[in-house]
Amino acid sequence: MIIETIFSTLDSSGQPNFAPMGISLGEGEIIVRPFRNTQTCRNLLATGYGVVNLTDDVLAFVQSALYDVVLPHFKAHLVPGIVFQGTCSWREVEIIAESGSLDRSEVRCRVIYRGWQSDFLGFCRARNAVIEATILATR
């Protein structure tokens, strides 16, 4: 199952990037499949770290996908990265393997730290529609 998240990374100069990202969540391992031509992929492969933000804030999905907004954030606990301030919970991850195709990377990550701020209760139909529309707009 793919879970929609906000994935945050830093570039080599420390500039933050937030992007909606569907991930496969396993026990202690996360698979991320960013397109190779994205800032998220470049940052993740260059630094080896990222943060998976599980949030019910649909505006964050729209802003980060369509407007390249730097969302409010705080420093990650164990990895060189940032956590979206409006996240319910997050996973700080480190790359353990990378493969994929010419167009799309497949990055296996190990969870280094888990943080929690509030329970994620899911999306109502209206919020889910906003997320689906945002995904469509980025294709």
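Position 1 is the first residue of the sequence; numbering continues from there. Bear in mind the structure is a predicted one, so any value in this text is a computation, not a measurement. Just the heavy atoms: all of them, side chains too, but no hydrogens, waters or symmetry mates, feed the values below.
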So which heavy atom on [X] is nearest to which on [Y], and how close?
X: T134; Y: A65; value: CG2-CB, 3.4 Å
X: S105; Y: V107; value: OG-CG2, 3.3 Å
X: V79; Y: G50; value: CG2-O, 4.1 Å
X: D56; Y: G122; value: CB-O, 4.4 Å
X: P16; Y: V70; value: CG-CG1, 3.6 Å

Heavy-atom distance under 4.5 Å between the side chains of [X] and [Y], does that happen here?
X: N43; Y: C41; answer: no
X: T55; Y: F61; answer: yes
X: V62; Y: Y67; answer: yes
X: L71; Y: Q63; answer: yes
X: R42; Y: L44; answer: no
X: E98; Y: L45; answer: yes

How many angstroms lie between [atom1] in [X] and [atom2] in [Y], if you round to the nearest 0.5 Å?
X: D57; Y: F120; atom1: CG; atom2: CZ; answer: 11.0 Å
X: C88; Y: L121; atom1: SG; atom2: CG; answer: 7.5 Å
X: M21; Y: T9; atom1: CE; atom2: OG1; answer: 8.5 Å
X: R36; Y: S101; atom1: CZ; atom2: OG; answer: 6.5 Å
X: Q117; Y: L54; atom1: CD; atom2: CG; answer: 11.5 Å

Inset, instruction - Check the side chains of D11 and Q15 for a donor-acceptor pair under 3.5 angstrom, ignoring hydrogens and angles. - result: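 No - no donor-acceptor pair under 3.5 Å links their side chains.
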Inset, instruction - Compute whether any side-chain donor of one residue and acceptor of the other, for S8 and N53, lie under 3.5 angstrom apart. - result: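 Short answer, yes.
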Inset, instruction - Just do the side chain to side chain contact (heavy atoms under 4.5 Å, CB included) check on T40 and N17 with the steps written out, would you? - result: CA-CA 7 Å; T40 298; N17 180 68; 2.9 Å; yes
With a 4.5 Å cut-off on side-chain heavy-atom distances among I, L, V, M, F, W and Y, is there a chain of contacts connecting [X] to [Y]?
X: I6; Y: V130; answer: yes
X: V69; Y: V58; answer: yes
X: V93; Y: I112; answer: no
X: F74; Y: I82; answer: no
X: Y49; Y: L10; answer: no

Legend entry - Near-ring test F7/W90, centroid separation under 6.0 angstrom: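 Aromatic pair excluded; centres sit 6.0 Å or further apart.
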Inset, instruction - Report yes if the distance between the aromatic ring centroids of F84 and H73 is under 6.0 Å, otherwise no. - result: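 No - the distance between ring centres of F84 and H73 does not fall below the 6.0 Å cut-off.
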Legend entry - L78 backbone acceptor or donor facing E92 side chain under 3.5 Å: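 Yes, the answer is positive, given that a donor and an acceptor are paired below the 3.5 Å cut-off.
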Inset, instruction - With salt bridge (charged side-chain N to carboxylate O under 4.0 Å, His left out) as the test, would you mind laying out the steps for R127 and E4 before giving the verdict? - result: CA-CA 12 Å; R127 287 182 176 189; E4 298 301 331; over 6 Å; no
Donor-acceptor pairs under 3.5 Å, side chain of residues 22-34 to any protein atom, not counting sequence neighbours: which ones?
unit_1: S24; atom_1: OG; unit_2: R33; atom_2: NH1; d: 3.4
unit_1: E29; atom_1: OE1; unit_2: R108; atom_2: NH2; d: 3.2
unit_1: E29; atom_1: OE2; unit_2: R108; atom_2: NE; d: 3.1
unit_1: R33; atom_1: NE; unit_2: E106; atom_2: OE1; d: 3.1

